[in-house]
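First up is the structure itself, then whatever we jot down about it.
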Amino acid sequence: MGMYAALGKMEITHKLFDEMPERDVVSWNGLISSYAGHGSFDDAITVFKRMSKESNLKPDESTIVSTLSACSALKNLEVGEGIHRYVVVTEFEMSVKIGNALVDMFCKCGRIDEGRELFERSPVKDVVLWTAMMNGYVQFNRFDEALELFRCMQTDGIRPDNFVLVSLLKGCAQTGALEQGKWIHGYIDENRVTVDRVVGTALVDMYAKCGCIESALEVFYETKERDTASWTSLIYGLTMNGMSGRAMDLYYEMESVGVRLDDITFVAVLTACNHCGFVEEGRRVFYSMTKVHKIQPKAEHYSCLIDLLSRAGLLEEAEEVIDEMRNESDESLVPLYCSLLSAAHTFVRMGI
DNA sequence: GTAGGGTTAG
């Protein structure tokens with residue numbers, strides 16, 4: 001079972017699990033943590049619930065941590081709180097890992113202040129705990145508190161690692177805090193922090209969102225490790241800084257170099273087309289999603305295309321595109337009709 | 001166990 005789980009063959013793993021004559025904590029945990037590890041968070045939680053119902057076994061540390069991580073990812077506060085109660089009631093040994101996972105779960109579910117309470121009560125505060133707490137503040141637009149926490153962390157003698165720096169850079173990008181962002185960049189250089197693809201992307205994004213597109217370009221070209229997200233953040237950044245032509249160049253370069261494109265890349269590229277009114281190119285890009293890249297366009301892609309067509313005055317074509325998505329729910333069609341109508345409205349106002 | 005990239009309209 002372990003072997004299949006490691007290979008990600010979850011169907012076989014689950015089947016073997018069901019066929020087992022007896023199951024101990026280790027086998028339940030094996031199934032839960034491999035589901036969580038492969039991103040099947042729903043399944044992880046389902047199995048956890050089944051374990052509580054069907055067996056008299058008590059979950060161990062690793063089962064609790066895996067399930068909590070699934071709760072974090074799915075923002076499932078109900079199950080997360082249940083586990084918290086279980087830990088309190090049974091006086092389960094609150095290990096560092098469990099404490100960290102609980103704080104992370106509360107923060108991701110938006111219960112920042114509850115997370116902070118647990119954070120304060122935690123006798124051991126490692127860098128993971130500090131990061132989880134800082135992420136919570138950043139995620140919910142409380143960047144000041146994240147910065148304050150960062151200062152406390154340094155006073156406590158904890159060295160910031162990549163995770164901490166990325167979290168802060170994201171906060172800078174969100175709030176346009178260029179000076180803080182530059183300071184972090186300086187810290188990275190001075191302390192020889194490895195600029196991996198995640199740090200690189202966070203820097204590019206921070207500079208672009210703070211309006212320093214030149215610095216964003218510089219970081220991008222200096223960073224050796226680049227992936228889909230790095231390219232996408234620059235494409236989007238160029239667009240937001242009024243350089244959509246250059247964003248398109250980057251997109252063509254990305255294709256020719258052979259970097260994988262994903263759905264977010266296409267949102268960025270279609271947005272670039274929209275900004276400079278490249279109808280022909282936008283159409284081509286949109287249809288290449290399915291034909292070349294085997295990516296199923298989502299509502300946001302249709303939305304970009306419809307917007308592009310409507311603004312160009314091609315209202316009938318835009319309507320045809322909406323008709324193409326008839327199989328979608330009515331709810332998801334609403335924003336599409338909105339862009340169509342708003343474009344139509346503009347034309348009416350202009351007397352066209 | 002903790003990090004990065006997401007359209008549009010009003």
Side-chain angles (χ1 to χ4, degrees), chain A residues 33 36-37 61-62 64-73 95-105 107-108 115 119 125-136 138-139 160-174 193 195-206 208-209 216 219-220 223 225-240 261-275 282 286 297-311 318 334-346:
Chain A
S33 57
E61 189 206 25
S62 117
I64 290 177
V65 172
S66 298
T67 313
L68 280 173
S69 75
C71 294
S72 294
S95 66
V96 176
K97 280 190 182 178
I98 292 181
N100 291 357
L102 279 169
V103 170
D104 184 55
M105 183 277 296
C107 288
K108 292 247 168 68
F119 171 89
K125 292 183 178 60
D126 66 1
V127 72
V128 175
L129 184 65
W130 286 95
T131 314
M133 197 62 236
M134 260 182 253
N135 271 329
V138 170
Q139 216 68 48
D161 63 2
N162 288 8
F163 287 78
V164 173
L165 297 168
V166 166
S167 178
L168 293 172
L169 283 170
K170 186 176 179 176
C172 296
Q174 276 171 1
V193 177
V195 180
D196 60 17
R197 54 209 172 137
V198 183
V199 177
T201 306
L203 280 169
V204 168
D205 190 54
M206 181 276 293
K209 293 224 168 89
V219 173
F220 179 81
T223 311
E225 261 191 83
R226 290 189 296 233
D227 64 5
T228 306
S230 331
W231 287 79
T232 304
S233 70
L234 188 57
I235 290 177
Y236 187 68
L238 285 165
T239 305
M240 289 341 260
L261 303 141
D262 67 10
D263 54 336
I264 306 178
T265 314
F266 280 103
V267 172
V269 177
L270 290 168
T271 308
C273 294
N274 233 328
H275 276 241
F286 183 85
K298 293 187 189 163
E300 52 265 45
H301 302 106
Y302 276 102
S303 198
C304 289
L305 180 66
I306 288 158
D307 217 51
L308 178 66
L309 296 170
S310 320
R311 280 167 197 259
V334 172
L336 305 180
Y337 278 114
C338 282
S339 16
L340 185 66
L341 283 171
S342 92
H345 182 226
T346 311

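Just the heavy atoms: all of them, side chains too, but no hydrogens, waters or symmetry mates, feed the values below.
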OP1 or OP2 of [N] versus the side-chain N and O atoms of [X]: is any pair under 4.0 Å?
X: A/Lys108; N: B/dA3; answer: yes
X: A/His275; N: B/dT7; answer: no
X: A/Asn274; N: B/dT7; answer: no
X: A/Arg311; N: B/dA9; answer: yes

Nearest listed nucleotide, side chain of [X], among [options]:
X: A/Thr228; options: B/dA3, B/dG5, B/dG4; result: B/dG5
X: A/Phe163; options: B/dT7, B/dG5, B/dT2; result: B/dT2
X: A/Asn135; options: B/dT7, B/dT8, B/dT2; result: B/dT2
X: A/Thr131; options: B/dG4, B/dT2, B/dT7; result: B/dT2
X: A/Ser303; options: B/dT2, B/dT8, B/dG5; result: B/dT8
X: A/Thr271; options: B/dT7, B/dG4, B/dA3; result: B/dT7

What residues, two or more places apart in sequence or in another chain, satisfy salt bridge (charged side-chain N to carboxylate O under 4.0 Å, His left out) together with A/Asp262? none
Base, sugar-phosphate, or nothing: which does A/Ser66 touch, judged by heavy atoms less than 4.0 Å apart? nothing
Look at all strands and tell whether A/Ser72 reaches a base, only sugar-phosphate, or nothing, counting heavy atoms closer than 4.0 Å. nothing
Please step through side-chain hydrogen bond (donor to acceptor under 3.5 Å, both in side chains) for the pair A/Asp227 and A/Ser230, ending with a clear verdict. CA-CA 5 Å; A/Asp227 64 5; A/Ser230 331; 3.0 Å; yes
List for me each residue that meets side-chain hydrogen bond (donor to acceptor under 3.5 Å, both in side chains) alongside A/Asp104, sequence neighbours excluded, and say none if there are none. A/Ser72, A/Lys108
